[in-house]
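Single-structure report; data block below.
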Number of protein chains: 4
Amino acid sequence: MTNEAQRPAARRRRKEARPQELTAAALSLFVEKGFAATRLDEVAARAGVSKGTLYLYFDSKEALFLAVIREGILPVLDEGRRMLAEHADDPVAALRAYIRGWWSMLGDTPYGGVPKLMMSEAQNFPEVANFYLTEVIQPGRALLQEIIERGVAGGVFRPVDSKLITHILMAPMLHLALWRHSFAACCQVPDMQADDYLDEYFRLLVHGLLVHDKEPNP
Amino acid sequence: MTNEAQRPAARRRRKEARPQELTAAALSLFVEKGFAATRLDEVAARAGVSKGTLYLYFDSKEALFLAVIREGILPVLDEGRRMLAEHADDPVAALRAYIRGWWSMLGDTPYGGVPKLMMSEAQNFPEVANFYLTEVIQPGRALLQEIIERGVAGGVFRPVDSKLITHILMAPMLHLALWRHSFAACCQVPDMQADDYLDEYFRLLVHGLLVHDKEPNP
Amino acid sequence: MTNEAQRPAARRRRKEARPQELTAAALSLFVEKGFAATRLDEVAARAGVSKGTLYLYFDSKEALFLAVIREGILPVLDEGRRMLAEHADDPVAALRAYIRGWWSMLGDTPYGGVPKLMMSEAQNFPEVANFYLTEVIQPGRALLQEIIERGVAGGVFRPVDSKLITHILMAPMLHLALWRHSFAACCQVPDMQADDYLDEYFRLLVHGLLVHDKEPNP
Amino acid sequence: MTNEAQRPAARRRRKEARPQELTAAALSLFVEKGFAATRLDEVAARAGVSKGTLYLYFDSKEALFLAVIREGILPVLDEGRRMLAEHADDPVAALRAYIRGWWSMLGDTPYGGVPKLMMSEAQNFPEVANFYLTEVIQPGRALLQEIIERGVAGGVFRPVDSKLITHILMAPMLHLALWRHSFAACCQVPDMQADDYLDEYFRLLVHGLLVHDKEPNP
DNA sequence: GATGAATGAGATTTCATTCAT
DNA sequence: GATGAATGAAATCTCATTCAT
């Protein structure tokens, strides 16, 4: 039996990195084609291993799917909490940071396809959907809700239904990510400039569409 | 051969109604499970016919998919154009009508699942995606864009990037439909009241989040 | 109940002609594609009737096949016997008449595809093959054998194994028919002139390939 | 990936031998039943593998058919050319060698069924038929034509239409093979002794039917 | 640990046959 | 008698999973 410590470091590193190489390949394909339409052959090929190797690390295709979803999303929440604390006294800045942060740390990374994937597959994998809802969506929305509620309490934001509004507020961000992994990926559409999109969105949030006689924050 | 008009009326009526019965069954299943995960057995069973019957009307599973997408969406656009004309002089009312109309005539009907389906499958069916983009999404957004541009021209709306903003404006509506056909369909989540959601959204659009010293439209 | 005698003559004629219209269509398709690869849809379409009509006249696809083979071949044998009697005293002329007659009355008619069909399907329909062998092939060869044996007995033909030689003698004729319904029907090959082919064949039969010091028919 | 040379020898040998095991099984069944009537289940069973295995080596049933035809026929032509050279000065011997060689190296081997198969399926697979025509039939006939033309040029053979005559000369050989794989395989017919048949045929070719020593019709 | 040939259950697709009209 | 929509058994084909090497 080889002693763990005696094994060459390179190989040990490789072995430990394997599962993530596999889930990364699987993620990109699941997002691209959906779970059912993705063949494990392709996943293995994209990860540069043989099909059998997948089964050394994951019991089944479903287990692979679960691992894909589990992985790498939760750490982001901590970062979000940290940011929120930083801007505790300025709801507008916090909102801006939330939007920017969501995009740069999630939407614009390989994990940006997960919302599409989870929406597509929620009904096929109710337990996974529940897990994702509980562990990712709801905590993420709770952060946003807190920003909103602080703003309202501080008299900066209008009184709103803070639960409902989080759904509404998330939608344009999610849409940006969904669009990128659907129509933008297959049709000749002019690239949506994410930064411009998010800026425009932020202004919409803050001011609405109407022309106001007096600017609120001079 | 036999003259069409001479055929027994009952059978003819059935023959003509069949394709829509089949696409209706297929639509609901494709939305629920996705294209690849839907078995034709199930489609046939839900439509109350045998598997073979599907092939009397559609050459293949893909052809069925295309028929599902083609069907019944386009008429709605005319209705939208009519509505827009009705509110030609009031951009705010037109916007409200657009949002409400989209929901009642699309989002809240069996076709409300099509956005989810198309997003999920866009990369697997680029030609269909292109068709949908060209025939449905872009005309629909053009209507919205016109509302916005009229509002801006009339001094009612702030100047905005009218192309970008249509994406942003559609997002919460699409999200409502996507949510209903994904997490809401499989997880125990408190039902999102569509009317409240859309009202809240409309207020957000009009006013933004900020408290304004002076109401713009007294 | 309609009395047979009262029915319009045209209709009665049509009804009696039906089975032959159907077998004619079936024959041409069976020869072209083989039994298994021929769809009853096509047979019906070529005969200008509906699929269901086939089942008014034939119990099954196999029954149709059997009818195709049964039909219209046997009368030819009588004609052959007549011809043989005509040339009873001249084996060479009889042989020539046999070859020419076979081609003009069988090979060059719609039934010219039957040899191909029967060869292709013999192992799938042993009973039909046996029927065809007994009723068509063997009587046909018996005629030929008699020609040969008379020629040998009369000192005109060399002594030969008269059983074996009939197989050999039939082969070029059969080959002409097989070729026409296989490669000639699908590949760009120079048309084999049947008359030239059969003349050349007849000369080969009579003289062989060798140059003989003394020509037999100066 | 893995180096080909490092793979276990046993498995590699198997992998390389597989396609031929599969085409051998397919050939025998295609000849027996025809292409359409042969089920892949049967092919797999006869080859001793599972249905899925066929698809590791051939993309479709049609691809399997093409492979069956492609395989193993062409080498024989070289052998034929060698033989022809050997008998360059004796057309009669060359002809005898051609007949005997065709039978022993093609007709009497598993490939002896290919002529029947190709004739049956030519119209269903025009490209394959064209390939077979160009690569097998025409080169084979060219060899025979050369023998004939040398014989004529040398004054040994009568002047003949050398193109037509090759068709005629091939027919009895082909017929022997066709017969064996059709009626002989399913009906109780006295076995045709191939050697006797070919001898008798050779004599017919050389001498014809007529008695030459003395005027046949005194 | 890693491989990839092999499997077989299950999907899509075909088509001979039936039967209400 | 004639039709052709509908059927469902059986074919082709796919692919997650296994396991000998």
Side-chain angles (χ1 to χ4, degrees), chain A residues 2 7 11 14-15 18 36-45 49-64, chain B residues 1-2 6-12 14-15 18 36-44 48-64, chain C residues 2 7 11 14-15 18 36-45 49-64, chain D residues 1-2 6-12 14-15 18 36-44 48-64:
Chain A
T2 29
R7 237 186 299 152
R11 180 163 192 170
R14 184 61 183 278
K15 185 194 161 186
R18 258 299 144 78
T38 296
R39 287 181 297 113
L40 291 185
D41 280 6
E42 296 174 281
V43 175
V49 301
S50 74
K51 216 179 350 169
T53 301
L54 287 171
Y55 283 85
L56 295 175
Y57 295 95
F58 304 99
D59 286 346
S60 67
K61 198 185 180 186
E62 291 207 13
L64 176 60
Chain B
M1 310 284 162
T2 0
Q6 287 168 356
R7 236 190 296 154
R11 183 188 275 195
R12 196 168 69 249
R14 194 60 187 277
K15 168 101 196 271
R18 263 290 143 77
T38 296
R39 287 175 295 112
L40 291 182
D41 282 6
E42 297 174 282
V43 175
V49 300
S50 74
K51 232 181 329 176
T53 300
L54 287 171
Y55 284 86
L56 290 178
Y57 296 94
F58 304 100
D59 285 347
S60 66
K61 197 184 179 186
E62 290 208 11
L64 177 60
Chain C
T2 28
R7 239 185 296 152
R11 181 163 192 172
R14 185 62 183 279
K15 187 194 158 187
R18 255 302 142 74
T38 296
R39 286 180 297 112
L40 290 186
D41 280 7
E42 296 174 282
V43 175
V49 301
S50 75
K51 218 182 344 172
T53 300
L54 287 171
Y55 283 85
L56 294 176
Y57 296 94
F58 305 99
D59 286 346
S60 67
K61 198 184 181 188
E62 291 208 10
L64 176 60
Chain D
M1 306 284 163
T2 1
Q6 287 167 358
R7 234 191 298 154
R11 182 188 277 199
R12 195 168 70 248
R14 193 61 185 274
K15 169 98 194 272
R18 264 290 143 80
T38 297
R39 286 177 294 112
L40 291 182
D41 282 7
E42 296 174 282
V43 176
V49 301
S50 74
K51 228 179 338 174
T53 300
L54 287 172
Y55 284 87
L56 291 178
Y57 296 93
F58 304 99
D59 285 345
S60 66
K61 198 184 178 188
E62 290 208 10
L64 176 59

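Throughout, protein chains are lettered first and strands after them, A, B, ... in sequence-line order, and every chain is numbered starting at 1. Side-chain atoms are counted along with the backbone in the values below, which use heavy atoms only and exclude waters and symmetry mates.
- At dT3(E), one or more side-chain N or O atoms of T53(A) fall inside 4.0 Å of OP1 or OP2 (strictly under the cut-off).
- Within the 4.0 Å cut-off from OP1 or OP2 of dA6(E), at least one side-chain nitrogen or oxygen of Y57(D) is found.
- Taking 4.0 angstrom as the limit, Y55(C) places a side-chain polar atom (N or O) nearer than this to OP1 or OP2 of dT17(E).
- Both distances falling under 3.5 Å, in either a Watson-Crick or a G-U wobble arrangement, place dA20(E) opposite dT3(F).
- Here dA16(F) presents its P atom at 15 Å from CZ of F58(A), a figure rounded to the nearest Å.
- Put simply, CG on D59(A) is 13 Å from C1' on dT18(F), counting in whole angstrom units.
- When every heavy atom of A37(D) is checked against every heavy atom of E42(D), the shortest pair comes out as O-OE1, 4.0 Å.
- Applying the Watson-Crick and G-U wobble criteria (two distances, each under 3.5 Å), dA11(E) pairs with dT12(F).
- Contact annotation: the side chain of L56(B) never approaches that of R18(B) to less than 4.5 Å [non-hydrogen atoms, C-beta and beyond].
- In plain terms, the two heavy atoms of A36(D) and A36(C) that are nearest each other are CB-CB, 3.7 Å.
- Each of G52(A) and E62(D) was matched to the nucleotide of DNA chain F holding its nearest heavy atom; the match closer to the 5' end belongs to E62(D).
- L54(B) pairs with exactly one of D41(B), L40(B), D59(B) by the side chain to side chain contact (heavy atoms under 4.5 Å, CB included) rule, that one being L40(B).
- Both L54(D) and K61(C) lie near DNA chain E, and the one whose nearest nucleotide falls closer to the 5' end is L54(D).
- Between S50(B) and R39(D), the residue anchored closer to the 5' end of DNA chain F is S50(B), taking for each the nucleotide with the nearest heavy atom.
- Atom NZ of K51(B) and atom P of dA10(F) are 12 Å apart (whole Å).
- As judged by a 4.0 angstrom heavy-atom cut-off over every strand, L40(D) is placed among residues touching the sugar-phosphate backbone only.
- In this entry the distance linking CD of E42(A) with C1' of dC15(F) reads 11 Å, nearest Å.
- Here the straight-line distance linking atom CD of E62(A) with atom CG of L64(A) works out to 10.5 Å at 0.5 Å rounding.
- The distance from atom CZ of R18(D) to atom C1' of dA6(E) is 8 Å, rounded to the nearest whole Å.
- Ranking dA6(F), dG1(E), dT12(F) by closeness to the L56(B) side chain, first place goes to dA6(F).
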